[in-house]
Undergrad: 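Have a look at the structure that comes next, please.
Order of listing sets the numbers, starting from 1, for every ligand and every atom in it.
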Amino acid sequence: MSNLDQYTIYVPSDQKMRLLGASLAHSLYRPRLTIDLVGDLGAGKTTFVQGLAHGLRIETPVTSPTFALEERHDDRLCHIDLCRLNKEASEQLLRHSDDFPGIRVIEWANRSTAHDADLRITIDDVGNDARRITIECRDVAIPTDQEIHALWDEVALPQHIRNHITQVSLVTEKVCKDLLRQCRAVRPRAVRAAALLHDLLRFVDFRSMQGDEYFIPDARTTAVWQKMKEQFGTPHEPAAARLLTEQGFPDIARIVSTHRGKSEDDLMHTTIEQQVLAYADKRVDLDKIVSLDERFHSLIDRHQKNASDPKELAWQESMRLLERNLLPDGLDL
Ligand code: ADP
Ligand code: MG
């Protein structure tokens with residue numbers, strides 16, 4: 001297990017800095033956490049916090065807390081600026097908000113070495129109003145590739161599903177890259193791990209455990225699958241989420257749990273990582289990258305669904321909306 005998910009974003013303007021701050025509100029996994037902001041005077045730390053507050057739907061204005069070293073926006077956001085404090089005074093001030101129940105964001109966080117941050121954001125001025133932002137997330141436990149492959153083996157995951165999830169993970173990588181280009185926060189390692197695990201227990205929903213046109217399991221495989229089905233239940237999304245939570249990966253479990261993308265409301269209220277996985281999964285048919293429409297046709301054929309069922313059509317529309325939200329400029333995969 002490793003907890004570091006790190007990514008870099010080039011932000012060309014203060015407007016995009018606000019957009020980045022706002023987008024981070026959709027990439028948070030705890031109601032309560034500490035975010036360190038590091039960067040020189042005028043780097044854009046306060047501008048970032050203004051965006052974040054907007055993303056959190058906080059209405060009160062965020063200003064530089066020059067006179068009050070600390071500004072609280074009800075229980076949701078505690079904005080601290082250590083600019084004018086030395087190390088000792090900084091650490092003393094921070095102790096007052098140690099039990100703050102919401103998000104604590106600290107400008108000039110490097111003035112203190114006595115606190116732990118869940119996220120650390122470093123801003124470098126690279127000229128012409130542009131900034132290079134490095135975001136380090138340490139709050140989400142992520143399985144290593146070795147652990148992922150061990151899980152595949154443990155559940156006797158068939159090759160064609162391994163191929164599918166590998167292809168989905170490649171699509172998520174491209175979507176994440178485009179989101180970062182758009183100056184939107186997303187955790188690439190967390191999404192990749194979730195993609196590589198999203199169909200870990202897909203077989204619990206197979207019509208028959210005796211096999212189909214894609215794969216005929218041997219006796220040992222069927223026995224493993226039966227055991228998994230008894231232990232984690234159906235359908236496969238919450239089943240995989242239960243297994244991953246048990247393994248110590250509750251946030252990866254959360255990303256996996258919504259990959260079917262059930263209704264528009266569901267997805268619009270989920271994290272960006274959940275949205276990316278649900279979308280990427282719709283762009284891969286078996287192990288081939290396809291368009292949303294091709295995937296919808298194939299699903300209808302394979303499961304002999306009614307192509308004009310209003311529920312089916314509403315679901316398809318919600319996936320198209322998701323695509324427009326994630327990739328407003330389109331993306332060739
Ligand atoms: P800090 O809190 O780091 O001292 P502020 O956010 O208060 O910085 O100020 C940053 C200033 O730089 C603002 O006037 C903002 O409009 C300007 N600015 C120009 N380009 C950018 C950018 N790409 N990101 C953030 N701020 C920028
Ligand atoms: Mg500031």
Undergrad: Among all the protein's non-hydrogen atoms, which is closest to atom 4 (O) of ligand 1, and how far away is it?
TA: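 The protein heavy atom lying closest is Gly42 N, 2.8 Å.
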Undergrad: If you draw a 6.0 Å radius around NE2 in His160, do more than 12 non-hydrogen atoms from other residues or ligands fall strictly inside?
TA: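 Yes, enclosed.
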Undergrad: Is Glu107 close enough that one of its N/O/S atoms sits under 2.8 Å from the Mg ion (ligand 2)?
TA: yes
Undergrad: Which of the listed options, Leu41, Val126, Thr47, Val49, holds the heavy atom that is closest to atom 9 (O) of ligand 1?
TA: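 The option holding the nearest heavy atom is Thr47.
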Undergrad: Tell me whether the guanidinium CZ or amine NZ of Lys45 lies under 6.0 angstrom from the six-membered ring centre of Trp108 and within 45° of its axis.
TA: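 Yes - Lys45 lies over the ring of Trp108, closer than 6.0 Å to its centre and within 45° of its axis.
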Undergrad: Provide, to 0.1 Å, the distance between atom 16 (O) of ligand 1 and the closest protein heavy atom, together with that atom's residue and name.
TA: Asp14 OD2, 2.8 Å
Undergrad: Any protein heavy atom at under 4.0 Å, with atom 18 (N) of ligand 1 as the reference point?
TA: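 Yes, there is one.
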Undergrad: Is any NZ, NE, NH1 or NH2 atom of the basic residue among Glu91 and Lys87 found under 4.0 Å from an Asp or Glu carboxylate oxygen of the other?
TA: yes
Undergrad: Would you mind listing which atoms of ligand 1 come within a distance below 4.0 Å of any non-hydrogen atom of Asp129?
TA: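 Per the distance check, 19 (C), 20 (N), 21 (C), 22 (C), 23 (N).
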Undergrad: Can you confirm whether Asp116 is buried at CG, in the sense that more than 12 heavy atoms of other residues, nucleotides or ligands lie under 6.0 Å from that atom?
TA: no
Undergrad: Give me the residue, atom name and distance of the protein heavy atom closest to atom 7 (O) of ligand 1.
TA: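 Nearest neighbour among protein heavy atoms for atom 7 (O) of ligand 1, to 0.1 Å: Thr46 CB, 3.6 Å.
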Undergrad: With backbone taken as N, CA, C and O and side chain as the heavy atoms from C-beta onward, which portion of Lys16 lies under 4.0 Å from ligand 1: side chain, backbone, both, or neither?
TA: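 Neither part.
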Undergrad: With atom 27 (C) of ligand 1 as the reference point, say which of Arg131, Met17, Arg18 has the nearest heavy atom.
TA: Arg131
Undergrad: Please say whether Ala43 places an N or O atom under 3.5 Å from an N or O atom belonging to ligand 1.
TA: yes
Undergrad: Can you sort out which atoms of ligand 1 are near Val11, meaning under 4.0 Å from one of its heavy atoms?
TA: 23 (N)
Undergrad: May I ask you to check whether over 12 heavy atoms, not counting those of His54, lie within 6.0 Å of atom NE2?
TA: no
Undergrad: Would you tell me whether His164 and Asp281 have side-chain atoms, one donor and one acceptor, within less than 3.5 Å of each other?
TA: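 Yes, side-chain donor-acceptor contact under 3.5 Å.
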Undergrad: Strictly under 2.8 Å, is the Mg ion (ligand 2) approached by any N, O or S atom of Ser64?
TA: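 It does not; every qualifying atom lies at 2.8 Å or beyond.
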Undergrad: For Asp125 and Arg132, what are the C-alpha separation, side-chain angles and deciding distance, and is it a salt bridge (charged side-chain N to carboxylate O under 4.0 Å, His left out)?
TA: CA-CA 7 Å; Asp125 189 334; Arg132 185 180 56 229; over 6 Å; no
Undergrad: Is there a nitrogen or oxygen of Ser64 sitting under 3.5 Å from a nitrogen or oxygen of ligand 1?
TA: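 The answer is no, given that Ser64 and ligand 1 share no N or O pair closer than 3.5 Å.
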Undergrad: Does any N or O atom in Gly44 lie less than 3.5 angstrom from one in ligand 1, N or O only?
TA: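 Yes.
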Undergrad: Would you kindly say whether Asp129 and Ser13 are connected by a side-chain donor-acceptor distance under 3.5 Å?
TA: no
Undergrad: Should we say atom CG of Leu41 is surrounded by more than 12 heavy atoms from elsewhere, each under 6.0 Å from it?
TA: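 No, the 6.0 Å shell around CG holds no more than 12 heavy atoms from other groups.
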Undergrad: Can you tell me which portion of Asp40 lies within the under-4.0 Å heavy-atom range of ligand 1? Options are side chain, backbone, both, or neither.
TA: backbone
Undergrad: Do we see a donor-acceptor contact under 3.5 Å between the side chains of Asp218 and Thr221?
TA: yes
